[in-house]
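Report on the following structure.
Throughout, protein chains are lettered first and strands after them, A, B, ... in sequence-line order, and every chain is numbered starting at 1. Only this structure's heavy atoms are used, side chains among them; waters, hydrogens and symmetry mates stay out. From a predicted model like this one, the values you see are computed outputs, not experimental measurements.
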2 protein chains.
Amino acid sequence: MLIRSPAELGAILRDRRRKLKLDQSTFAKRIGVSRQWVIEVEHGHARAELGLILRALDALDIRLDASIEPAPARGATRPAVDINAIVAKARKKKA
Amino acid sequence: MLIRSPAELGAILRDRRRKLKLDQSTFAKRIGVSRQWVIEVEHGHARAELGLILRALDALDIRLDASIEPAPARGATRPAVDINAIVAKARKKKA
DNA sequence: TTTGTATGTCGGCGTTCGATGACATTCGTG
DNA sequence: CACGAATGTCATCGAACGCCGACATACAAA
(Lines give C-alpha, C1' and ligand atoms only; values in the text may rest on other atoms or scores of the structure.)
Protein backbone atom coordinates (compact mmCIF):
# COMPACT_ATOMS: atom_id res chain seq x y z
CA MET A 1 0.00 0.00 0.00
CA LEU A 2 1.42 3.35 -1.05
CA ILE A 3 1.03 6.23 1.35
CA ARG A 4 0.73 9.65 -0.20
CA SER A 5 -1.37 11.60 2.28
CA PRO A 6 -2.57 11.61 5.88
CA ALA A 7 -5.99 10.56 4.62
CA GLU A 8 -4.59 7.45 2.96
CA LEU A 9 -2.67 6.60 6.09
CA GLY A 10 -5.84 6.99 8.13
CA ALA A 11 -7.74 4.66 5.86
CA ILE A 12 -5.02 2.05 6.11
CA LEU A 13 -5.01 2.26 9.89
CA ARG A 14 -8.78 1.94 10.07
CA ASP A 15 -8.94 -1.03 7.73
CA ARG A 16 -6.22 -2.85 9.58
CA ARG A 17 -7.71 -2.09 13.00
CA ARG A 18 -11.03 -3.50 11.88
CA LYS A 19 -9.41 -6.57 10.42
CA LEU A 20 -7.91 -7.22 13.82
CA LYS A 21 -11.34 -6.82 15.45
CA LEU A 22 -10.24 -3.93 17.63
CA ASP A 23 -12.51 -1.07 18.59
CA GLN A 24 -11.14 2.45 18.86
CA SER A 25 -11.02 2.40 22.66
CA THR A 26 -8.93 -0.71 23.09
CA PHE A 27 -6.74 0.29 20.18
CA ALA A 28 -6.16 3.71 21.74
CA LYS A 29 -5.24 2.19 25.10
CA ARG A 30 -2.89 -0.25 23.45
CA ILE A 31 -0.81 2.50 21.89
CA GLY A 32 -1.18 4.97 24.73
CA VAL A 33 -3.33 7.67 23.14
CA SER A 34 -6.88 8.89 23.59
CA ARG A 35 -9.80 7.55 21.61
CA GLN A 36 -10.19 11.03 20.23
CA TRP A 37 -6.76 10.77 18.68
CA VAL A 38 -7.66 7.54 16.92
CA ILE A 39 -10.78 9.12 15.47
CA GLU A 40 -8.95 12.15 14.13
CA VAL A 41 -6.08 10.18 12.64
CA GLU A 42 -8.42 7.74 10.95
CA HIS A 43 -10.14 10.76 9.43
CA GLY A 44 -6.84 11.94 8.00
CA HIS A 45 -5.61 14.42 10.56
CA ALA A 46 -2.57 15.97 8.89
CA ARG A 47 -0.94 17.37 11.99
CA ALA A 48 -0.79 14.19 14.03
CA GLU A 49 2.47 13.40 15.79
CA LEU A 50 4.92 11.28 13.86
CA GLY A 51 5.86 9.23 16.91
CA LEU A 52 2.29 8.31 17.73
CA ILE A 53 1.64 7.35 14.13
CA LEU A 54 4.61 5.00 14.16
CA ARG A 55 3.37 3.45 17.39
CA ALA A 56 -0.06 2.94 15.87
CA LEU A 57 1.39 1.26 12.79
CA ASP A 58 3.53 -0.97 14.95
CA ALA A 59 0.58 -1.95 17.12
CA LEU A 60 -1.24 -3.11 14.01
CA ASP A 61 1.76 -5.00 12.67
CA ILE A 62 2.14 -2.66 9.75
CA ARG A 63 5.64 -2.20 8.36
CA LEU A 64 6.76 1.08 6.81
CA ASP A 65 9.17 1.02 3.94
CA ALA A 66 10.95 3.96 2.28
CA SER A 67 12.33 3.68 -1.22
CA ILE A 68 13.48 6.01 -3.97
CA GLU A 69 10.76 6.89 -6.44
CA PRO A 70 11.29 5.02 -9.70
CA ALA A 71 10.07 7.93 -11.82
CA PRO A 72 11.12 11.26 -10.35
CA ALA A 73 8.67 13.18 -12.57
CA ARG A 74 10.04 16.18 -10.75
CA GLY A 75 12.70 16.95 -13.35
CA ALA A 76 14.94 19.97 -13.14
CA THR A 77 12.93 21.45 -15.98
CA ARG A 78 9.72 21.56 -13.94
CA PRO A 79 9.28 24.77 -11.90
CA ALA A 80 7.73 22.68 -9.14
CA VAL A 81 4.32 23.98 -8.15
CA ASP A 82 3.93 22.81 -4.56
CA ILE A 83 0.25 23.21 -3.86
CA ASN A 84 0.58 21.91 -0.33
CA ALA A 85 3.27 24.39 0.56
CA ILE A 86 1.38 27.26 -1.01
CA VAL A 87 -1.82 26.45 0.83
CA ALA A 88 -0.01 26.06 4.12
CA LYS A 89 1.69 29.41 3.72
CA ALA A 90 -1.52 31.13 2.70
CA ARG A 91 -3.35 29.85 5.76
CA LYS A 92 -0.59 31.16 8.01
CA LYS A 93 -0.79 34.67 6.56
CA LYS A 94 -4.55 34.88 6.96
CA ALA A 95 -4.43 33.76 10.57
CA MET B 1 14.72 1.08 3.99
CA LEU B 2 12.58 0.09 6.97
CA ILE B 3 11.30 2.87 9.17
CA ARG B 4 10.85 2.01 12.80
CA SER B 5 11.41 5.31 14.59
CA PRO B 6 11.51 9.07 14.05
CA ALA B 7 15.29 8.89 14.31
CA GLU B 8 15.53 6.43 11.44
CA LEU B 9 13.22 8.58 9.37
CA GLY B 10 15.39 11.59 10.11
CA ALA B 11 18.52 9.77 9.00
CA ILE B 12 16.87 8.73 5.76
CA LEU B 13 15.76 12.27 5.04
CA ARG B 14 19.21 13.66 5.73
CA ASP B 15 20.99 11.11 3.58
CA ARG B 16 18.65 11.64 0.70
CA ARG B 17 18.83 15.43 0.97
CA ARG B 18 22.60 15.30 0.84
CA LYS B 19 22.56 12.95 -2.10
CA LEU B 20 20.50 15.53 -3.97
CA LYS B 21 23.00 18.24 -3.03
CA LEU B 22 20.48 20.32 -1.16
CA ASP B 23 21.30 22.40 1.91
CA GLN B 24 18.78 22.70 4.73
CA SER B 25 17.66 26.18 3.70
CA THR B 26 16.71 25.43 0.13
CA PHE B 27 15.18 22.13 1.17
CA ALA B 28 13.08 23.88 3.79
CA LYS B 29 11.85 26.47 1.32
CA ARG B 30 11.02 23.79 -1.19
CA ILE B 31 8.63 22.03 1.17
CA GLY B 32 7.34 25.15 2.87
CA VAL B 33 8.82 24.81 6.34
CA SER B 34 11.49 26.60 8.33
CA ARG B 35 15.11 25.55 8.40
CA GLN B 36 14.62 24.86 12.10
CA TRP B 37 12.07 22.25 11.29
CA VAL B 38 14.45 20.45 8.95
CA ILE B 39 17.13 20.40 11.63
CA GLU B 40 14.82 18.98 14.27
CA VAL B 41 13.31 16.34 12.03
CA GLU B 42 16.71 15.18 10.82
CA HIS B 43 17.66 14.79 14.46
CA GLY B 44 14.68 12.51 15.03
CA HIS B 45 12.05 14.84 16.36
CA ALA B 46 9.23 12.49 17.40
CA ARG B 47 6.45 15.04 17.51
CA ALA B 48 6.82 16.41 14.01
CA GLU B 49 3.66 16.86 11.99
CA LEU B 50 2.68 13.94 9.79
CA GLY B 51 1.69 16.16 6.89
CA LEU B 52 5.00 17.99 6.80
CA ILE B 53 6.88 14.72 6.95
CA LEU B 54 4.99 13.41 3.95
CA ARG B 55 5.74 16.61 2.03
CA ALA B 56 9.43 16.28 2.88
CA LEU B 57 9.52 12.69 1.66
CA ASP B 58 7.76 13.65 -1.53
CA ALA B 59 10.15 16.51 -2.16
CA LEU B 60 13.03 14.05 -1.98
CA ASP B 61 11.31 11.52 -4.24
CA ILE B 62 10.99 9.02 -1.45
CA ARG B 63 8.04 6.65 -1.64
CA LEU B 64 6.36 5.30 1.48
CA ASP B 65 4.99 1.81 1.47
CA ALA B 66 2.87 0.10 4.13
CA SER B 67 2.67 -3.67 4.35
CA ILE B 68 1.58 -6.26 6.87
CA GLU B 69 4.41 -7.54 9.05
CA PRO B 70 5.44 -11.02 7.95
CA ALA B 71 6.02 -12.20 11.50
CA PRO B 72 3.51 -10.71 13.95
CA ALA B 73 5.62 -11.66 16.96
CA ARG B 74 2.89 -9.95 18.91
CA GLY B 75 0.82 -13.06 19.48
CA ALA B 76 -2.35 -13.09 21.57
CA THR B 77 -0.38 -14.96 24.20
CA ARG B 78 1.98 -12.05 24.84
CA PRO B 79 0.75 -9.62 27.52
CA ALA B 80 2.13 -6.80 25.39
CA VAL B 81 4.53 -4.60 27.33
CA ASP B 82 4.35 -1.31 25.48
CA ILE B 83 7.35 0.61 26.68
CA ASN B 84 6.61 3.59 24.50
CA ALA B 85 3.11 3.94 25.79
CA ILE B 86 4.23 3.54 29.39
CA VAL B 87 6.91 6.18 29.05
CA ALA B 88 4.53 8.57 27.35
CA LYS B 89 1.99 8.16 30.13
CA ALA B 90 4.60 8.56 32.84
CA ARG B 91 5.84 11.79 31.34
CA LYS B 92 2.32 13.17 31.28
CA LYS B 93 1.72 12.43 34.96
CA LYS B 94 4.93 14.06 36.07
CA ALA B 95 4.28 17.21 34.08
C1' DT C 1 42.92 36.88 8.62
C1' DT C 2 38.78 37.67 6.44
C1' DT C 3 34.90 36.11 3.98
C1' DG C 4 31.36 32.83 2.87
C1' DT C 5 28.70 28.62 3.48
C1' DA C 6 26.41 25.10 6.18
C1' DT C 7 24.77 23.68 10.39
C1' DG C 8 23.14 24.03 15.15
C1' DT C 9 21.26 26.88 19.24
C1' DC C 10 18.60 30.31 21.82
C1' DG C 11 14.33 33.15 23.40
C1' DG C 12 9.91 34.59 22.38
C1' DC C 13 5.33 34.15 20.23
C1' DG C 14 0.84 32.67 18.22
C1' DT C 15 -1.38 28.47 17.08
C1' DT C 16 -2.85 23.95 17.75
C1' DC C 17 -2.05 19.46 19.57
C1' DG C 18 -3.77 15.61 22.40
C1' DA C 19 -6.23 14.46 26.87
C1' DT C 20 -10.36 14.57 29.41
C1' DG C 21 -15.19 14.03 30.13
C1' DA C 22 -19.71 14.57 28.78
C1' DC C 23 -23.13 14.05 25.30
C1' DA C 24 -25.24 12.49 20.64
C1' DT C 25 -26.12 9.04 17.09
C1' DT C 26 -26.45 4.66 15.13
C1' DC C 27 -26.42 0.13 15.34
C1' DG C 28 -27.81 -4.81 16.68
C1' DT C 29 -29.78 -7.74 20.31
C1' DG C 30 -32.51 -9.21 24.24
C1' DC D 1 -38.93 -0.81 23.61
C1' DA D 2 -34.75 -0.76 26.37
C1' DC D 3 -29.97 -1.69 26.71
C1' DG D 4 -25.24 -1.84 25.48
C1' DA D 5 -21.53 -1.22 22.21
C1' DA D 6 -19.15 1.50 18.77
C1' DT D 7 -18.41 5.78 16.74
C1' DG D 8 -18.48 10.73 16.34
C1' DT D 9 -18.90 15.60 18.40
C1' DC D 10 -18.19 19.39 21.64
C1' DA D 11 -15.78 22.55 25.04
C1' DT D 12 -11.86 23.17 27.93
C1' DC D 13 -6.94 23.34 29.07
C1' DG D 14 -1.90 22.67 29.68
C1' DA D 15 1.88 21.55 26.78
C1' DA D 16 4.36 21.70 22.67
C1' DC D 17 4.57 22.83 17.79
C1' DG D 18 6.72 25.47 14.09
C1' DC D 19 8.15 30.18 12.96
C1' DC D 20 11.08 34.19 13.32
C1' DG D 21 15.42 36.45 14.13
C1' DA D 22 19.71 36.60 15.99
C1' DC D 23 23.72 34.38 17.36
C1' DA D 24 27.32 30.53 17.62
C1' DT D 25 30.35 27.13 15.63
C1' DA D 26 33.00 24.78 12.10
C1' DC D 27 35.21 24.47 7.91
C1' DA D 28 37.01 25.90 3.42
C1' DA D 29 38.82 29.32 0.26
C1' DA D 30 40.72 33.78 -1.03
Please state how far atom CH2 in A:W37 lies from atom P in C:dT16, giving the value in whole angstrom units. 20 Å

When you measure from the side chain of A:R35, which nucleotide among D:dC20, D:dG8, D:dC17 comes out closest? D:dG8

Heavy-atom distance under 4.5 Å between the side chains of B:R30 and B:R55, does that happen here? no

Of all heavy-atom pairs between B:R35 and B:S25, which one has the smallest distance, and what is that distance? CD-OG, 3.2 Å

Closest listed nucleotide, where the reference is the side chain of A:S34 and the choices are C:dC17, C:dG18, D:dT7: C:dG18

Does any part of the side chain of A:I62, heavy atoms only, come nearer than 4.5 Å to the side chain of A:M1, both counted from C-beta? no

Out of C:dT7, D:dG8, D:dC17, which has the shortest distance to the side chain of B:Q24? C:dT7

Look at the side chain of A:Q36 against the base of D:dC10 and say whether a donor-acceptor pair falls under 3.5 Å; ignore hydrogens and angles. yes

Listed partners of A:E49 passing side chain to side chain donor-acceptor pair (under 3.5 Å), at least two apart: B:R47

Quick note, A:H43 side chain, CB onward, closest among C:dC17, D:dG8, C:dT9 is D:dG8

Euclidean distance, atom CG of residue A:L22 to atom C1' of D:dA5 [Å, nearest integer]: 15 Å

When you group the ILVMFWY residues by side-chain heavy-atom contacts below 4.5 Å and let the links chain together, are A:I31 and A:I39 in the same group? no

Would you indicate, yes or no, if D:dG18 has its OP1 or OP2 atom less than 4.0 angstrom from a side-chain nitrogen or oxygen of B:H45? yes

Nearest to the side chain of A:D23 - D:dA6, D:dC19, C:dG8? D:dA6

Atom pair distance, as rounded to whole Å: CG in A:L50 and C1' in C:dC17: 14 Å

Measuring only between side-chain heavy atoms, which start at C-beta, is A:F27 closer than 4.5 Å to A:L60? yes

Calculate the interatomic distance between A:L52 atom CG and C:dC17 atom C1'; express it in whole Å. 10 Å

Which nucleotide in the set C:dG18, C:dC17, D:dC19 lies at the smallest distance from any side-chain heavy atom of A:R47? C:dC17

Atom NZ of A:K21 and atom P of D:dA5 are separated, to the nearest Å, by 18 Å

Using a 4.0 Å cut-off on heavy atoms, which residues in residues 9-19 of chain A reach DNA chain D? List them by number, or say none. A:R14, A:R17

Using whole Å, what does the distance between atom C1' of nucleotide D:dG18 and atom CD of B:E40 come to? 8 Å

Side chains of residues 2-11 of chain B: which donor-acceptor pairs under 3.5 Å do they make with residues two or more places apart or in other chains?
{"unit_1": "B:S5", "atom_1": "OG", "unit_2": "B:E8", "atom_2": "N", "d": "3.3"}
{"unit_1": "B:E8", "atom_1": "OE1", "unit_2": "B:R4", "atom_2": "N", "d": "3.1"}

When the distance from CD of B:E49 to P of D:dC19 is rounded to whole Å, what number comes out? 8 Å

In whole Å, I'd like the distance from the CD1 atom of B:I39 to the P atom of D:dG18. 13 Å

